[in-house]
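So that the names make sense, note that chain A is the first sequence line, chain B the second, and so on, each numbered from 1. Below, all heavy atoms of this structure are taken into account, side chains as well, without hydrogens, waters or symmetry copies.
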2 protein chains.
Amino acid sequence: MSLTHYLKNTVPFPAEELADIISHFERESVQKNKPLVREGQVCAKLYFIEKGVGRSYSLKEAGKEVTQWFFVEGQFMSSIESFFQQNPSLYYLEMLENAVLYSITREKLDLLFARYHNMEKLGRLLSTEMLTRVANKLNAIQFQTARERHDYMLAEFPNIANRVALGHIASYLGMTQETLSRIRRANP
Amino acid sequence: MSLTHYLKNTVPFPAEELADIISHFERESVQKNKPLVREGQVCAKLYFIEKGVGRSYSLKEAGKEVTQWFFVEGQFMSSIESFFQQNPSLYYLEMLENAVLYSITREKLDLLFARYHNMEKLGRLLSTEMLTRVANKLNAIQFQTARERHDYMLAEFPNIANRVALGHIASYLGMTQETLSRIRRANP
DNA sequence: TGAATTATTTGACATAGGTCAAAAGAAACC
DNA sequence: GGTTTCTTTTGACCTATGTCAAATAATTCA
């Protein structure tokens with residue numbers, strides 16, 4: 001889904017606002033597995049994914065990678081707390097496939113928030129939506145068994161199973177890859 | 001903390017905007033343990049807590065209550081997804097102490113969002129802040145041991161331990177009350 | 001294509017935290 | 001103030017999922 005399309009569908013921007021907003025984004029082609037942000041850096045940009053899948057992850061003891069979130073086409077991607085609070089990021093951000101992104105810096109975004117009431121509304125709606133998604137995952141992680149969490153994931157990210165490594169999904173779901181592998185075997 | 005004070009501290013509202021905004025809220029004294037919202041109802045109001053502690057919780061098998069979140073003085077409280085998406089609430093909402101709240105309906109809030117760009121910004125900032133909090137809890141629940149989660153809770157809700165029942169805190173932290181009791185004994 | 005690398009599956013065993021039951025302590029109420 | 005009710009603690013035992021290690025399977029790339 002294109003950025004223009006996405007914006008129009010979310011808030012009814014007048015054409016000239018839309019054009020100005022889009023003009024503040026920059027198109028980027030990025031290669032898979034090249035970190036967009038590293039842990040400890042302040043995340044400088046908010047990305048919109050036109051094509052590709054991305055993830056945020058962190059390194060635990062013994063260099064073990066733990067995936068925190070997946071981002072797919074038609075979604076915004078960032079190390080959200082870092083980008084909005086300008087704190088050092090707790091996560092790495094990378095694309096898992098060669099991808100096409102549209103990026104915007106914090107300054108430009110703030111300018112757009114201040115300039116257009118509609119844009120501020122978009123920001124509010126996106127935050128609220130993300131809040132709902134994170135709350136859903138929290139619910140899954142806190143109250144569901146490994147198998148139920150696997151089902152939650154299929155609903156939240158349909159078809160991601162075919163695009164990303166089992167180990168990434170397992171850590172996203174808070175289980176080992178051995179456990180996920182056994183669940184897949186048991187679930188037809 | 002009063003609502004006026006809180007609003008002023010978050011976004012620099014001109015005095016007349018502030019007065020108009022405040023006038024759309026209603027002061028309510030509510031008794032402890034009386035549900036403000038029941039599971040399955042659409043949550044009609046957003047509350048600001050001037051005095052008291054509240055929680056959201058749901059009923060699991062065998063009528064077991066599971067606390068999902070705590071809300072303290074100077075915070076907004078609601079069944080957030082229900083209030084903003086107008087879906088049936090997944091949770092009950094109640095105060096755990098006799099309390100003083102300021103409430104606003106969705107219609108009035110939407111009117112304020114549309115009327116004042118500043119208000120939209122407040123909404124965005126609150127969403128983002130809540131998102132950060134939920135993400136922090138998710139991180140704790142997913143990656144930390146029972147003992148570390150207990151420490152996370154002390155940081156997120158300092159001093160709540162003295163105000164609410166151990167069983168409520170245990171279920172909030174995703175552990176049994178027996179486990180929380182043993183942690184408290186072990187941690188001086 | 002075939003060797004090297006990386007990802008997934010399988011098996012044997014360990015453990016944090018759960019469950020169930022009962023005792024001890026607090027709080028509420030007549 | 002003593003009885004009832006609710007909350008917290010303690011103990012014995014159990015289980016879902018983790019850990020470690022090794023065997024397959026799938027990808028990558030010379």
Expressed in angstrom and rounded to an integer, what is the separation of B/Leu166 atom CG from D/dT10 atom P? 12 Å
Length of the line joining B/Gln142:CD and D/dT17:P, which is rounded to integer Å: 14 Å
Without hydrogens or angle criteria, can the side chains of B/Ser127 and A/Ser127 be said to hold a donor-acceptor pair below 3.5 Å? no
Using a cut-off of strictly less than 4.0 Å between a heavy atom of the residue and any atom of DNA chain C, enumerate the qualifying residues of residues 169-178 of chain A by number. A/Gln177, A/Glu178
May I ask you to check whether over 12 heavy atoms, not counting those of B/Lys32, lie within 6.0 Å of atom NZ? no
Is there a side-chain polar atom (N or O) of A/Arg185 under 4.0 Å from OP1 or OP2 of C/dT10? yes
Shared-cluster residues of B/Val66, by chain and number - hydrophobic side chains joined below 4.5 Å: A/Phe143
Phosphate OP1/OP2 of D/dG18 contacted by A/Thr179 side-chain N/O (<4.0 Å): yes
Is it true that B/Lys137 and B/Glu156 make a salt bridge, defined as a side-chain N closer than 4.0 Å to a carboxylate O? no
Please report the distance, rounded to the nearest Å, between CG in A/Asn33 and C1' in D/dT27. 14 Å
Without hydrogens or angle criteria, can the side chains of B/Tyr102 and B/Arg27 be said to hold a donor-acceptor pair below 3.5 Å? yes
What's the separation between atom CZ in B/Phe25 and atom CG in B/Leu3, rounded to the nearest 0.5 Å? 5.0 Å
Is B/Glu129 paired with B/Arg133 through a side-chain N to carboxylate O contact shorter than 4.0 Å? yes
Using five pairs at either end of the helix from C/dT1-D/dA30 to C/dC30-D/dG1, determine the angle between the two local helix axes and round it to 10 degrees. 50°
Do you see a donor-acceptor pair shorter than 3.5 Å between the side chains of B/Glu17 and B/Asn118? yes
Taking CZ from B/Arg147 and P from C/dA16, how many angstroms apart are they, rounded to a whole number? 11 Å
Nearest-Å distance for atom pair CD/P, residues A/Glu148 and D/dT17: 9 Å
B/Glu81 and A/Thr132: side-chain donor and acceptor closer than 3.5 Å? no
Nearest-Å distance for atom pair CD1/C1', residues B/Ile183 and D/dT8: 14 Å
Taken to the nearest whole Å, CD/B/Gln144 to C1'/C/dG17 is 16 Å
Using whole Å, what does the distance between atom C1' of nucleotide D/dT7 and atom NE2 of B/His168 come to? 10 Å
Among C/dG17, C/dA12, D/dT9, which nucleotide has an atom closest to any side-chain atom of A/Arg182? C/dA12
